[in-house]
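Some notes on the structure that comes next.
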Amino acid sequence: MSGRLGHGAGYRLHSPAAGKYMSAPSRRGQVITFYSYKGGTGRTMALANVACLLAKRGAGNVLMIDWDLEAPGLHRFFSDQLVDASGKLWHRGLDTQLGLLDLFRDLDQRIDGSQYGEDEAAELLKSVDLDRYIMRCAVPSLSLMKAGRFDNDYSTSVNTFAWDRLYEHAPWLFKSFVDRLTDRFAYVLVDSRTGLTDSSGICTMLLPEKLVVVFTPNTQSLTGIVELIQRATTYRAESEDLRPLIVFPLASRIEMSEEELRRQWRYGGEGETVQGY
Ligand SMILES: Nc1ncnc2c1ncn2[C@@H]1O[C@H](COP(=O)(O)OP(=O)(O)O)[C@@H](O)[C@H]1O
Ligand SMILES: [Mg+2]
């Protein structure tokens with residue numbers, strides 16, 4: 001997907017609407033996005049662990065969102081820990097439960113190509129019954145928004161959903177989404193799409209005030225995250241979204257038995273090729 005939020009000059013696009021975006025520090029919760037340039041870093045597991053720790057510590061209501069729509073997996077960590085409204089273990093099919101993609105498809109249909117301003121976007125989000133798209137976990141205060149309903153149409157929906165077009169029509173929609181969720185949850189942890197795409201742009205530039213960047217110590221992974229961090233922080237600095245964007249690098253899959261390699265990757269070595277981190 002080559003949209004404004006992912007690649008090219010357009011990723012800096014911020015409409016007049018996005019201008020005044022979320023200035024007031026408030027009692028709202030916060031959005032923390034977990035990003036990695038590639039898969040297999042342990043990103044989803046790190047998010048799941050942090051979410052459980054926060055919820056068990058009594059930090060308030062915690063919501064996990066699986067925005068890795070092409071490779072959804074967060075729900076698998078909780079497949080035997082989801083409960084229904086009465087607190088009983090979920091025994092019906094997980095696949096049929098609605099999630100993030102269903103919510104945004106519904107919003108997109110209702111917007112139907114019109115131009116939505118700030119108030120209209122807020123009204124639209126207010127009218128949504130969020131509970132249709134959220135599942136409760138056995139850990140009290142912990143909830144999950146799956147990637148979507150995994151039916152026969154899922155992969156087509158993922159591949160054809162035009163995030164860039166939705167953003168152009170309703171740039172405030174993502175702010176309203178954040179507002180709606182952070183009114184209700186103290187922490188919203190987003191498992192981002194990898195790479196440099198429209199989806200990962202939304203997850204890293206528009207939604208969070210904290211960005212956990214998971215990387216394995218190798219050149220591709222490091223180069224990818226440096227570019228992503230530059231994009232996200234430049235975007236935020238140039239927009240008038242006054243919330244901070246704090247980046248937490250998180251090294252993963254460190255091979256403890258390879259001491260010399262571990263030292264080189266940490267502090268640099270092998271001439272110019274390994275810079276360290
Ligand atoms: N800290 C860790 N130590 C060992 N294995 C891990 C760790 N984190 C994740 N894994 C394993 O690595 C695999 C990929 O983890 P996952 O969190 O799904 O990665 P990602 O979301 O980055 O693709 C899983 O099989 C998981 O069990
Ligand atoms: Mg994952």
Side-chain angles (χ1 to χ4, degrees), residues 1 6 31-57 62-82 94-95 97 99-102 104 133-135 137 139 142-150 154-155 157-159 161 163 187-205 207-208 210-229 231-232 247-259 261-262 265-266 277:
M1 206 191 308
V31 180
I32 307 176
T33 291
F34 285 65
Y35 173 85
S36 63
Y37 182 65
K38 295 204 159 209
T41 58
R43 181 191 72 242
T44 302
M45 186 170 266
L47 182 151
N49 280 324
V50 170
C52 289
L53 287 171
L54 285 169
K56 285 180 178 167
R57 198 188 281 175
V62 179
L63 175 68
M64 304 172 285
I65 301 182
D66 192 350
W67 212 304
D68 191 1
L69 302 180
E70 281 79 356
L74 185 55
H75 62 287
R76 292 189 201 287
F77 289 114
F78 296 91
S79 56
D80 58 352
Q81 295 179 44
L82 295 162
L94 252 190
D95 285 357
Q97 278 300 109
L100 179 87
L101 185 60
D102 307 293
F104 274 92
Y133 308 94
I134 290 176
M135 302 188 76
C137 297
V139 176
L142 184 61
S143 302
L144 168 70
M145 186 181 281
K146 284 169 54 197
R149 186 208 298 259
F150 304 124
Y154 180 78
S155 65
S157 299
V158 170
N159 291 322
F161 193 82
W163 292 101
Y187 292 94
V188 178
L189 308 188
V190 178
D191 196 19
S192 169
R193 168 94 163 90
T194 53
L196 303 171
T197 67
D198 289 337
S199 272
S200 64
I202 291 167
C203 293
T204 57
M205 300 191 299
L207 301 181
K210 293 193 177 123
L211 182 56
V212 178
V213 182
V214 188
F215 66 99
T216 48
N218 63 60
T219 307
Q220 278 196 36
S221 184
L222 277 169
T223 309
I225 62 155
V226 168
E227 187 170 345
L228 185 284
I229 293 168
R231 284 180 180 209
V247 180
F248 296 88
L250 174 60
S252 82
R253 306 196 76 133
I254 308 297
E255 182 48 66
M256 299 309 277
S257 63
E258 296 287 345
E259 188 155 353
L261 274 178
R262 189 155 52 91
W265 271 105
R266 179 69 181 84
Y277 59 88

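Keep in mind that this is a model prediction, so the values were computed, not measured. Whatever order the structure lists them in is the order used to number ligands and atoms, beginning at 1.
The protein atom (non-hydrogen) at minimum distance from atom 20 (P) of ligand 1 is G40 N, 3.5 Å. Remark: minimum distance from atom 13 (C) of ligand 1 to any protein heavy atom is reached at R253 NH1, 4.5 Å. Looking only at protein heavy atoms, the nearest one to atom 15 (O) of ligand 1 is G42 CA, 3.6 Å. In terms of protein heavy-atom proximity, atom 21 (O) of ligand 1 is closest to T44 OG1, 2.7 Å.
For atom 3 (N) of ligand 1, the nearest protein heavy atom is 4.0 Å or more away. There is a protein heavy atom less than 4.0 angstrom from atom 27 (O) of ligand 1. For atom 9 (C) of ligand 1, a protein heavy-atom neighbour is found at a distance under 4.0 Å. Distance check for atom 23 (O) of ligand 1: a protein heavy atom is found below 4.0 Å.
Within the 4.5 Å cutoff, side-chain heavy atoms of L196 are placed close to those of Y37. Residues F78 and C52 meet the side-chain proximity criterion, which asks for heavy atoms closer than 4.5 Å. Contact annotation: the side chain of F215 never approaches that of S252 to less than 4.5 Å [non-hydrogen atoms, C-beta and beyond]. When side chains are defined from C-beta on, Y277 counts as touching P217, because their heavy atoms get closer than 4.5 Å. Using a 4.5 Å cut-off on side-chain heavy atoms (C-beta onward), V212 and Y35 make no contact.
Under a 4.0 Å criterion applied to the non-hydrogen atoms of G39, ligand 1 contributes the atoms 23 (O). Shown in contact with T41 at under 4.0 Å from a heavy atom are these atoms of ligand 1, numbered in order with element: 19 (O), 20 (P), 22 (O).
Checked against L189 for a side chain to side chain contact (heavy atoms under 4.5 Å, CB included), the options V50, L144, L63 give a single hit: V50. Applying side chain to side chain contact (heavy atoms under 4.5 Å, CB included) to I65 and the options V188, L74, L207 leaves one that passes, V188.
Screening residues 31-53 for salt bridge (Lys or Arg N to Asp or Glu O under 4.0 Å) gives R43-D68, R43-D191 as the qualifying pairs, with residues at least two apart or on separate chains.
The pair E255-R262 does not count as a salt bridge, with every side-chain nitrogen at least 4.0 angstrom from each carboxylate oxygen.
Side-chain atoms of K146 come within 3.5 Å of backbone N or O of Q97 as a donor-acceptor pair.
Taking the six-membered ring for Trp, F104 and W67 have ring centres closer than 6.0 Å.
Compare K38, R76, R43, M45 by their heavy atoms: the one nearest to atom 6 (C) of ligand 1 is in M45.
Take a cut-off of 2.8 Å around the Mg ion (ligand 2): the protein N, O or S atoms inside it are T44 OG1.
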